[in-house]
2 protein chains.
Amino acid sequence: MRSQKKTRQEKLLKLIAQNPLATDEQLADRLSVSVSTIRLDRAVLGLPELRERMKSMAQKATSRLRSLKQEEIVGDLLELEPNRWSLSILATRRDMAFRDTNMVCDHYIYAQASSLAIAVVEADLVLVESMRGKYKGHAQVGDSLVARAKVGVHKDDKYIVSVRTKVGEREIFVGRFITAAIPPNAEDGHREENL
Amino acid sequence: MRSQKKTRQEKLLKLIAQNPLATDEQLADRLSVSVSTIRLDRAVLGLPELRERMKSMAQKATSRLRSLKQEEIVGDLLELEPNRWSLSILATRRDMAFRDTNMVCDHYIYAQASSLAIAVVEADLVLVESMRGKYKGHAQVGDSLVARAKVGVHKDDKYIVSVRTKVGEREIFVGRFITAAIPPNAEDGHREENL
DNA sequence: CCGAAATTAGTAGCAGGTCTTAAGAGTTAG
DNA sequence: CTAACTCTTAAGACCTGCTACTAATTTCGG
(Lines give C-alpha, C1' and ligand atoms only; values in the text may rest on other atoms or scores of the structure.)
Protein backbone atom coordinates (compact mmCIF):
# COMPACT_ATOMS: atom_id res chain seq x y z
CA MET A 1 0.00 0.00 0.00
CA ARG A 2 2.63 2.48 1.02
CA SER A 3 4.75 1.62 -1.96
CA GLN A 4 2.19 3.21 -4.27
CA LYS A 5 3.96 6.43 -3.48
CA LYS A 6 7.31 5.19 -4.69
CA THR A 7 6.02 3.74 -7.91
CA ARG A 8 4.05 6.91 -8.54
CA GLN A 9 7.14 9.02 -8.02
CA GLU A 10 9.10 6.81 -10.37
CA LYS A 11 6.38 7.18 -12.95
CA LEU A 12 6.43 10.90 -12.42
CA LEU A 13 10.14 11.03 -13.12
CA LYS A 14 9.67 9.11 -16.34
CA LEU A 15 6.70 11.18 -17.44
CA ILE A 16 8.61 14.40 -16.96
CA ALA A 17 11.70 13.06 -18.64
CA GLN A 18 9.56 12.02 -21.58
CA ASN A 19 7.55 15.16 -21.83
CA PRO A 20 9.15 17.99 -19.91
CA LEU A 21 6.46 20.39 -21.10
CA ALA A 22 3.65 18.88 -19.07
CA THR A 23 1.85 20.97 -16.46
CA ASP A 24 1.19 19.67 -12.96
CA GLU A 25 -2.44 19.41 -13.87
CA GLN A 26 -1.74 17.14 -16.83
CA LEU A 27 0.58 15.04 -14.72
CA ALA A 28 -2.01 14.78 -11.96
CA ASP A 29 -4.55 13.65 -14.49
CA ARG A 30 -2.16 11.12 -15.90
CA LEU A 31 -1.33 9.61 -12.54
CA SER A 32 -4.88 9.87 -11.20
CA VAL A 33 -3.96 11.91 -8.16
CA SER A 34 -4.55 15.50 -7.19
CA VAL A 35 -2.45 18.41 -8.27
CA SER A 36 -1.33 18.84 -4.67
CA THR A 37 0.15 15.39 -4.64
CA ILE A 38 2.08 16.10 -7.82
CA ARG A 39 3.46 19.29 -6.36
CA LEU A 40 4.41 17.47 -3.20
CA ASP A 41 6.12 14.72 -5.16
CA ARG A 42 7.95 17.23 -7.31
CA ALA A 43 9.16 19.01 -4.20
CA VAL A 44 10.37 15.77 -2.67
CA LEU A 45 12.09 14.69 -5.85
CA GLY A 46 13.58 18.09 -6.44
CA LEU A 47 11.92 18.46 -9.81
CA PRO A 48 11.60 22.03 -11.02
CA GLU A 49 8.32 23.49 -12.14
CA LEU A 50 7.22 23.61 -15.77
CA ARG A 51 8.48 27.11 -16.40
CA GLU A 52 11.90 26.34 -15.02
CA ARG A 53 12.06 23.25 -17.19
CA MET A 54 11.08 25.25 -20.26
CA LYS A 55 13.67 27.86 -19.41
CA SER A 56 16.54 25.45 -19.08
CA MET A 57 15.49 23.65 -22.25
CA ALA A 58 15.36 26.94 -24.10
CA GLN A 59 18.81 27.84 -22.83
CA LYS A 60 20.23 24.52 -23.89
CA ALA A 61 18.56 24.90 -27.27
CA THR A 62 20.54 27.98 -28.17
CA SER A 63 23.83 26.36 -27.34
CA ARG A 64 22.95 23.15 -29.12
CA LEU A 65 22.34 24.86 -32.41
CA ARG A 66 25.88 26.03 -32.51
CA SER A 67 27.42 22.76 -31.49
CA LEU A 68 26.40 20.58 -34.38
CA LYS A 69 28.65 22.24 -36.88
CA GLN A 70 30.76 20.53 -39.42
CA GLU A 71 34.17 20.36 -37.80
CA GLU A 72 32.88 18.53 -34.80
CA ILE A 73 31.48 15.59 -36.64
CA VAL A 74 34.23 14.93 -39.09
CA GLY A 75 37.20 14.86 -36.77
CA ASP A 76 40.59 16.52 -36.70
CA LEU A 77 43.10 15.95 -39.43
CA LEU A 78 46.27 14.63 -37.84
CA GLU A 79 48.46 13.89 -40.82
CA LEU A 80 48.08 14.25 -44.53
CA GLU A 81 50.23 13.23 -47.45
CA PRO A 82 48.18 14.30 -50.48
CA ASN A 83 47.15 11.56 -52.84
CA ARG A 84 48.87 9.02 -50.61
CA TRP A 85 47.38 8.65 -47.15
CA SER A 86 45.93 10.56 -44.25
CA LEU A 87 44.90 10.22 -40.63
CA SER A 88 42.15 11.82 -38.59
CA ILE A 89 40.78 11.47 -35.10
CA LEU A 90 37.22 12.00 -33.90
CA ALA A 91 36.28 12.31 -30.24
CA THR A 92 32.80 10.91 -29.75
CA ARG A 93 30.25 12.52 -27.51
CA ARG A 94 27.05 11.45 -25.83
CA ASP A 95 24.91 13.07 -28.51
CA MET A 96 26.49 10.92 -31.21
CA ALA A 97 24.96 7.81 -29.70
CA PHE A 98 21.83 5.87 -30.41
CA ARG A 99 18.89 6.49 -28.13
CA ASP A 100 19.63 5.08 -24.72
CA THR A 101 22.73 3.17 -25.62
CA ASN A 102 26.20 4.49 -25.75
CA MET A 103 26.93 3.07 -29.16
CA VAL A 104 28.05 5.65 -31.66
CA CYS A 105 25.72 6.11 -34.65
CA ASP A 106 27.08 4.75 -37.88
CA HIS A 107 26.66 8.00 -39.73
CA TYR A 108 29.25 9.70 -37.56
CA ILE A 109 31.70 6.96 -38.39
CA TYR A 110 30.78 7.36 -42.03
CA ALA A 111 31.12 11.14 -41.88
CA GLN A 112 34.62 10.91 -40.53
CA ALA A 113 35.64 8.32 -43.09
CA SER A 114 34.08 10.10 -46.03
CA SER A 115 35.51 13.46 -45.06
CA LEU A 116 38.93 11.94 -44.78
CA ALA A 117 38.59 10.23 -48.13
CA ILE A 118 37.78 13.59 -49.63
CA ALA A 119 40.56 15.41 -47.84
CA VAL A 120 43.25 13.00 -48.89
CA VAL A 121 42.68 13.62 -52.58
CA GLU A 122 44.49 16.71 -53.77
CA ALA A 123 42.06 18.80 -55.74
CA ASP A 124 39.95 21.86 -55.23
CA LEU A 125 36.69 20.03 -55.16
CA VAL A 126 36.31 16.35 -54.47
CA LEU A 127 33.06 14.43 -54.22
CA VAL A 128 32.19 10.91 -53.26
CA GLU A 129 30.72 8.96 -56.15
CA SER A 130 30.13 5.67 -54.48
CA MET A 131 31.20 3.68 -51.49
CA ARG A 132 30.90 0.42 -49.72
CA GLY A 133 31.70 -0.25 -46.13
CA LYS A 134 31.40 -2.66 -43.29
CA TYR A 135 30.94 -1.93 -39.63
CA LYS A 136 32.92 -4.58 -37.82
CA GLY A 137 32.34 -3.50 -34.26
CA HIS A 138 30.70 -0.85 -32.14
CA ALA A 139 32.25 2.32 -30.83
CA GLN A 140 31.23 3.59 -27.42
CA VAL A 141 30.60 7.17 -26.49
CA GLY A 142 33.91 8.62 -25.36
CA ASP A 143 35.99 6.49 -27.69
CA SER A 144 38.36 8.26 -30.02
CA LEU A 145 37.92 7.06 -33.55
CA VAL A 146 41.12 7.01 -35.54
CA ALA A 147 40.57 6.80 -39.28
CA ARG A 148 43.33 6.09 -41.75
CA ALA A 149 42.80 6.67 -45.45
CA LYS A 150 44.94 5.24 -48.22
CA VAL A 151 44.68 6.29 -51.83
CA GLY A 152 44.66 3.38 -54.24
CA VAL A 153 44.60 3.41 -58.00
CA HIS A 154 43.29 6.40 -59.86
CA LYS A 155 42.17 6.86 -63.39
CA ASP A 156 41.72 10.33 -64.72
CA ASP A 157 40.08 12.21 -61.88
CA LYS A 158 38.62 9.22 -60.07
CA TYR A 159 40.41 7.98 -56.99
CA ILE A 160 39.81 4.87 -54.96
CA VAL A 161 40.35 5.56 -51.29
CA SER A 162 40.29 2.94 -48.57
CA VAL A 163 39.51 3.96 -45.03
CA ARG A 164 39.97 1.93 -41.88
CA THR A 165 38.66 3.20 -38.56
CA LYS A 166 39.90 1.92 -35.25
CA VAL A 167 39.23 2.37 -31.58
CA GLY A 168 42.58 1.58 -30.04
CA GLU A 169 43.62 -1.63 -31.71
CA ARG A 170 40.09 -2.72 -32.52
CA GLU A 171 38.95 -2.14 -36.08
CA ILE A 172 35.35 -1.00 -36.23
CA PHE A 173 34.96 0.09 -39.82
CA VAL A 174 36.46 -0.63 -43.21
CA GLY A 175 35.31 1.20 -46.28
CA ARG A 176 36.20 1.91 -49.84
CA PHE A 177 35.26 5.16 -51.48
CA ILE A 178 35.35 6.13 -55.11
CA THR A 179 35.89 9.84 -55.19
CA ALA A 180 35.96 12.20 -58.11
CA ALA A 181 38.00 15.36 -58.36
CA ILE A 182 35.79 17.90 -60.04
CA PRO A 183 37.49 20.46 -62.25
CA PRO A 184 36.65 23.95 -60.98
CA ASN A 185 34.76 25.04 -64.08
CA ALA A 186 32.43 22.07 -64.00
CA GLU A 187 30.88 23.17 -60.73
CA ASP A 188 27.11 23.39 -60.79
CA GLY A 189 27.41 22.42 -64.43
CA HIS A 190 24.38 20.29 -64.98
CA ARG A 191 21.56 21.45 -62.86
CA GLU A 192 21.13 25.15 -62.72
CA GLU A 193 17.74 25.23 -64.37
CA ASN A 194 16.02 23.45 -61.55
CA LEU A 195 15.88 26.27 -59.05
CA MET B 1 11.23 62.92 -33.33
CA ARG B 2 8.41 60.62 -34.31
CA SER B 3 10.85 58.21 -35.94
CA GLN B 4 12.29 57.31 -32.58
CA LYS B 5 9.51 54.81 -32.46
CA LYS B 6 10.66 53.00 -35.57
CA THR B 7 14.28 52.78 -34.58
CA ARG B 8 13.25 51.60 -31.14
CA GLN B 9 11.09 48.87 -32.61
CA GLU B 10 13.93 47.77 -34.83
CA LYS B 11 16.19 47.64 -31.82
CA LEU B 12 13.57 45.65 -29.98
CA LEU B 13 13.46 43.06 -32.73
CA LYS B 14 17.21 42.70 -32.62
CA LEU B 15 17.31 42.49 -28.86
CA ILE B 16 14.73 39.73 -28.79
CA ALA B 17 16.41 37.86 -31.59
CA GLN B 18 19.67 38.10 -29.70
CA ASN B 19 18.30 37.17 -26.34
CA PRO B 20 14.85 35.62 -26.59
CA LEU B 21 14.78 35.01 -22.86
CA ALA B 22 14.53 38.66 -21.86
CA THR B 23 11.51 39.87 -19.89
CA ASP B 24 9.62 43.00 -20.90
CA GLU B 25 11.08 44.73 -17.87
CA GLN B 26 14.65 44.00 -18.95
CA LEU B 27 13.86 45.14 -22.47
CA ALA B 28 12.27 48.33 -21.17
CA ASP B 29 15.35 48.99 -19.11
CA ARG B 30 17.58 48.35 -22.08
CA LEU B 31 15.70 50.72 -24.36
CA SER B 32 15.07 53.33 -21.66
CA VAL B 33 11.32 53.31 -22.05
CA SER B 34 8.50 52.05 -19.88
CA VAL B 35 7.28 48.50 -19.75
CA SER B 36 3.99 49.66 -21.29
CA THR B 37 5.81 50.89 -24.36
CA ILE B 38 7.58 47.57 -24.75
CA ARG B 39 4.29 45.72 -24.52
CA LEU B 40 2.73 48.06 -27.01
CA ASP B 41 5.63 47.62 -29.39
CA ARG B 42 5.53 43.87 -29.03
CA ALA B 43 1.82 43.90 -29.78
CA VAL B 44 2.36 46.03 -32.86
CA LEU B 45 5.21 43.86 -34.08
CA GLY B 46 3.40 40.65 -33.28
CA LEU B 47 6.14 39.43 -30.98
CA PRO B 48 5.03 36.77 -28.51
CA GLU B 49 5.58 37.12 -24.79
CA LEU B 50 8.56 35.65 -23.00
CA ARG B 51 6.81 32.49 -21.95
CA GLU B 52 5.63 31.77 -25.46
CA ARG B 53 9.14 32.32 -26.75
CA MET B 54 10.53 29.95 -24.15
CA LYS B 55 7.89 27.40 -24.96
CA SER B 56 8.54 27.36 -28.67
CA MET B 57 12.27 27.19 -28.09
CA ALA B 58 11.78 24.30 -25.74
CA GLN B 59 9.56 22.56 -28.25
CA LYS B 60 12.09 22.98 -30.99
CA ALA B 61 14.70 21.64 -28.65
CA THR B 62 12.70 18.50 -28.00
CA SER B 63 11.93 17.94 -31.62
CA ARG B 64 15.57 18.42 -32.50
CA LEU B 65 16.61 16.14 -29.72
CA ARG B 66 14.08 13.58 -30.67
CA SER B 67 14.92 13.69 -34.31
CA LEU B 68 18.62 13.56 -33.82
CA LYS B 69 19.03 11.27 -30.85
CA GLN B 70 15.89 9.62 -29.71
CA GLU B 71 14.28 8.53 -32.91
CA GLU B 72 17.61 8.42 -34.65
CA ILE B 73 16.11 10.00 -37.67
CA VAL B 74 18.00 12.59 -39.57
CA GLY B 75 15.24 14.29 -41.40
CA ASP B 76 11.54 14.06 -40.72
CA LEU B 77 9.78 10.77 -40.93
CA LEU B 78 6.82 11.16 -43.24
CA GLU B 79 5.48 7.67 -43.49
CA LEU B 80 6.42 4.37 -42.00
CA GLU B 81 5.17 0.89 -42.54
CA PRO B 82 7.37 -1.20 -40.29
CA ASN B 83 9.42 -3.87 -42.02
CA ARG B 84 7.99 -2.77 -45.33
CA TRP B 85 8.90 0.74 -46.40
CA SER B 86 9.31 4.25 -45.16
CA LEU B 87 9.75 7.80 -46.32
CA SER B 88 11.62 10.74 -44.87
CA ILE B 89 12.38 14.26 -45.92
CA LEU B 90 15.42 16.32 -45.06
CA ALA B 91 15.58 20.04 -45.62
CA THR B 92 19.14 20.99 -46.36
CA ARG B 93 20.78 24.03 -44.87
CA ARG B 94 23.79 26.13 -45.66
CA ASP B 95 25.86 24.42 -42.99
CA MET B 96 25.38 21.05 -44.63
CA ALA B 97 27.35 22.12 -47.67
CA PHE B 98 30.97 21.65 -48.63
CA ARG B 99 33.21 24.55 -47.82
CA ASP B 100 32.46 27.28 -50.33
CA THR B 101 30.09 25.45 -52.62
CA ASN B 102 26.41 24.88 -52.14
CA MET B 103 26.60 21.18 -52.72
CA VAL B 104 25.30 19.12 -49.85
CA CYS B 105 27.93 16.93 -48.18
CA ASP B 106 27.55 13.26 -48.87
CA HIS B 107 27.50 12.35 -45.22
CA TYR B 108 24.21 14.16 -44.68
CA ILE B 109 22.71 12.19 -47.51
CA TYR B 110 24.17 9.09 -45.97
CA ALA B 111 22.90 10.00 -42.50
CA GLN B 112 19.36 10.42 -43.74
CA ALA B 113 19.49 7.16 -45.66
CA SER B 114 21.07 5.19 -42.87
CA SER B 115 18.70 6.57 -40.24
CA LEU B 116 15.76 5.69 -42.40
CA ALA B 117 17.11 2.20 -42.99
CA ILE B 118 17.32 1.78 -39.24
CA ALA B 119 13.91 3.25 -38.55
CA VAL B 120 12.11 1.08 -41.04
CA VAL B 121 13.18 -2.09 -39.31
CA GLU B 122 10.89 -2.86 -36.42
CA ALA B 123 13.05 -3.68 -33.45
CA ASP B 124 14.24 -1.96 -30.31
CA LEU B 125 17.79 -1.61 -31.44
CA VAL B 126 18.94 -1.77 -35.02
CA LEU B 127 22.47 -1.25 -36.28
CA VAL B 128 23.99 -0.98 -39.72
CA GLU B 129 26.37 -3.80 -40.48
CA SER B 130 27.45 -2.85 -43.95
CA MET B 131 26.35 -0.77 -46.87
CA ARG B 132 27.11 0.21 -50.37
CA GLY B 133 25.88 3.24 -52.16
CA LYS B 134 26.22 5.43 -55.17
CA TYR B 135 25.82 9.18 -55.40
CA LYS B 136 24.26 9.82 -58.76
CA GLY B 137 23.94 13.58 -58.60
CA HIS B 138 24.45 16.54 -56.37
CA ALA B 139 22.01 18.18 -54.04
CA GLN B 140 22.10 21.93 -53.53
CA VAL B 141 21.61 23.77 -50.30
CA GLY B 142 17.89 24.38 -49.94
CA ASP B 143 16.87 21.21 -51.72
CA SER B 144 14.58 18.86 -49.89
CA LEU B 145 15.91 15.34 -49.94
CA VAL B 146 13.23 12.71 -50.05
CA ALA B 147 14.48 9.28 -49.09
CA ARG B 148 12.47 6.13 -49.60
CA ALA B 149 13.49 2.92 -47.90
CA LYS B 150 12.29 -0.53 -48.88
CA VAL B 151 12.91 -3.60 -46.83
CA GLY B 152 14.06 -6.55 -48.88
CA VAL B 153 14.79 -10.08 -47.78
CA HIS B 154 15.64 -10.82 -44.18
CA LYS B 155 17.26 -13.79 -42.58
CA ASP B 156 17.04 -14.10 -38.82
CA ASP B 157 17.65 -10.63 -37.55
CA LYS B 158 19.46 -9.26 -40.60
CA TYR B 159 17.51 -7.09 -42.97
CA ILE B 160 18.47 -5.77 -46.35
CA VAL B 161 17.15 -2.27 -46.84
CA SER B 162 17.36 -0.31 -50.08
CA VAL B 163 17.22 3.43 -49.96
CA ARG B 164 16.71 5.84 -52.84
CA THR B 165 17.06 9.55 -52.30
CA LYS B 166 15.60 12.08 -54.67
CA VAL B 167 15.48 15.81 -55.13
CA GLY B 168 12.24 16.32 -56.94
CA GLU B 169 12.29 13.74 -59.69
CA ARG B 170 16.06 13.53 -59.83
CA GLU B 171 17.65 10.60 -58.06
CA ILE B 172 20.83 11.56 -56.26
CA PHE B 173 21.57 8.51 -54.20
CA VAL B 174 20.92 4.80 -54.22
CA GLY B 175 22.11 2.61 -51.41
CA ARG B 176 21.74 -0.80 -49.92
CA PHE B 177 22.14 -1.38 -46.21
CA ILE B 178 22.46 -4.58 -44.30
CA THR B 179 21.06 -3.90 -40.87
CA ALA B 180 20.93 -6.10 -37.83
CA ALA B 181 18.21 -6.07 -35.20
CA ILE B 182 19.89 -6.50 -31.86
CA PRO B 183 17.89 -8.55 -29.35
CA PRO B 184 16.41 -6.42 -26.57
CA ASN B 185 18.59 -6.16 -23.52
CA ALA B 186 17.80 -5.01 -20.01
CA GLU B 187 15.53 -2.22 -20.94
CA ASP B 188 11.95 -2.07 -19.80
CA GLY B 189 10.14 -1.30 -22.97
CA HIS B 190 7.61 0.86 -21.26
CA ARG B 191 6.68 3.31 -23.93
CA GLU B 192 4.10 5.99 -23.23
CA GLU B 193 2.86 8.45 -25.76
CA ASN B 194 2.94 12.20 -25.36
CA LEU B 195 0.56 14.15 -23.22
C1' DC C 1 -0.63 77.31 -28.38
C1' DC C 2 -3.63 73.56 -30.00
C1' DG C 3 -4.39 68.85 -31.01
C1' DA C 4 -3.00 64.38 -32.29
C1' DA C 5 0.32 60.94 -31.73
C1' DA C 6 3.17 58.67 -28.51
C1' DT C 7 4.05 57.29 -24.08
C1' DT C 8 3.13 55.99 -19.44
C1' DA C 9 0.35 54.51 -15.55
C1' DG C 10 -3.07 51.83 -13.46
C1' DT C 11 -6.58 48.32 -13.13
C1' DA C 12 -8.41 43.58 -13.31
C1' DG C 13 -7.57 38.91 -14.57
C1' DC C 14 -4.98 34.60 -15.95
C1' DA C 15 -1.65 30.56 -15.86
C1' DG C 16 1.14 27.97 -13.36
C1' DG C 17 3.12 27.87 -10.13
C1' DT C 18 5.19 28.86 -4.59
C1' DC C 19 4.64 28.03 0.45
C1' DT C 20 1.89 27.14 4.45
C1' DT C 21 -1.69 25.30 7.15
C1' DA C 22 -5.10 22.13 8.00
C1' DA C 23 -8.46 18.55 7.59
C1' DG C 24 -9.66 13.78 6.57
C1' DA C 25 -8.55 8.78 5.44
C1' DG C 26 -6.22 4.73 6.27
C1' DT C 27 -2.73 2.11 9.05
C1' DT C 28 -0.42 0.59 12.85
C1' DA C 29 1.25 0.08 17.79
C1' DG C 30 0.29 -0.23 22.37
C1' DC D 1 -10.19 1.18 21.15
C1' DT D 2 -7.53 4.98 20.80
C1' DA D 3 -3.46 7.75 20.04
C1' DA D 4 0.06 8.53 16.78
C1' DC D 5 1.40 8.15 12.41
C1' DT D 6 1.65 8.64 7.10
C1' DC D 7 -0.43 9.95 2.90
C1' DT D 8 -3.46 12.65 0.28
C1' DT D 9 -6.17 16.49 -0.72
C1' DA D 10 -7.89 21.06 -0.11
C1' DA D 11 -7.73 25.95 0.77
C1' DG D 12 -5.64 30.48 1.09
C1' DA D 13 -2.25 33.99 0.33
C1' DC D 14 1.33 35.35 -2.64
C1' DC D 15 4.44 35.51 -6.91
C1' DT D 16 5.89 36.40 -11.91
C1' DG D 17 5.12 37.82 -16.34
C1' DC D 18 2.22 38.52 -18.74
C1' DT D 19 -2.97 40.19 -21.52
C1' DA D 20 -6.48 43.45 -22.28
C1' DC D 21 -8.24 47.49 -21.35
C1' DT D 22 -8.77 52.44 -19.90
C1' DA D 23 -7.16 56.76 -18.62
C1' DA D 24 -3.87 60.24 -17.92
C1' DT D 25 0.17 62.54 -19.31
C1' DT D 26 3.90 63.96 -22.27
C1' DT D 27 5.74 65.37 -26.64
C1' DC D 28 6.14 67.67 -30.79
C1' DG D 29 4.71 69.37 -35.50
C1' DG D 30 2.35 72.86 -37.47
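Each chain gets a letter, A, B and so on, in the order its sequence line appears, and its residues count up from 1. Just so it is clear, the model here is predicted, and its values are computed rather than measured.
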* Is any side-chain N of the basic residue among B/Glu49 and B/Arg42 closer than 4.0 Å to the acidic one's carboxylate O? -> no
* Structure fact -> Separation of D/dG17 atom C1' from B/Glu49 atom CD, nearest Å, is 7 Å
* Could you state the NZ-C1' distance from A/Lys55 to D/dC18, rounded to the nearest angstrom? -> 15 Å
* Between B/Lys5 (NZ) and C/dT8 (P), how many Å, whole number? -> 12 Å
* Flag, side chain of A/Arg170 to backbone of A/His138, donor-acceptor distance under 3.5 Å -> yes
* Asked: Do A/Lys134 and B/Glu129 sit within salt-bridge range, that is, some charged N less than 4.0 Å from a carboxylate O?
  -> no
* Atom NZ of A/Lys6 to atom P of D/dC7: distance rounded to whole Å? -> 10 Å
* Rounded to the nearest angstrom, tell me the gap between atom CD in B/Gln9 and atom C1' in C/dA5. => 13 Å
* Mind listing the residues from residues 37-44 of chain B sitting with a heavy atom below 4.0 Å of DNA chain D? Number order is fine. => B/Arg39, B/Arg42
* OG/B/Ser88 to CD/B/Gln112 distance, rounded to the nearest 0.5 angstrom? -> 4.0 Å
* To do: May I ask you to check whether B/Asp106 and A/Ser114 show a side-chain donor-acceptor distance below 3.5 Å?
  => yes
* For atom CD of B/Gln4 and atom C1' of C/dA5, their distance in whole Å -> 13 Å
* Hey, is the side chain of A/Arg51 pairing donor to acceptor with the base of C/dG17 inside 3.5 Å? -> no
* Assign B/Ser36 to base, sugar-phosphate, or nothing according to its heavy-atom contacts below 4.0 angstrom with the strands shown. => base
* To do: Please work out if B/Arg8 contacts a base, only the sugar-phosphate, or nothing of the nucleic acid, heavy-atom cut-off 4.0 Å.
  => sugar-phosphate
* To do: Could you tell me the separation between the CG atom of A/Leu47 and the C1' atom of C/dG16, rounded to a whole number of Å?
  => 16 Å
* Asked: Once you round it to whole Å, what is the distance between P of D/dT19 and CD of B/Glu52?
  -> 9 Å
* With heavy atoms under 4.0 Å as the rule, sort B/Val33 into base, sugar-phosphate or nothing. => sugar-phosphate
* To do: Write down the atom of A/Tyr110, the atom of A/Met131, and the distance for their closest heavy-atom approach.
  => CE1-CE, 3.6 Å
* Modelled atom types, side-chain donor and acceptor of A/Glu81 and A/Ser86, under 3.5 Å -> no
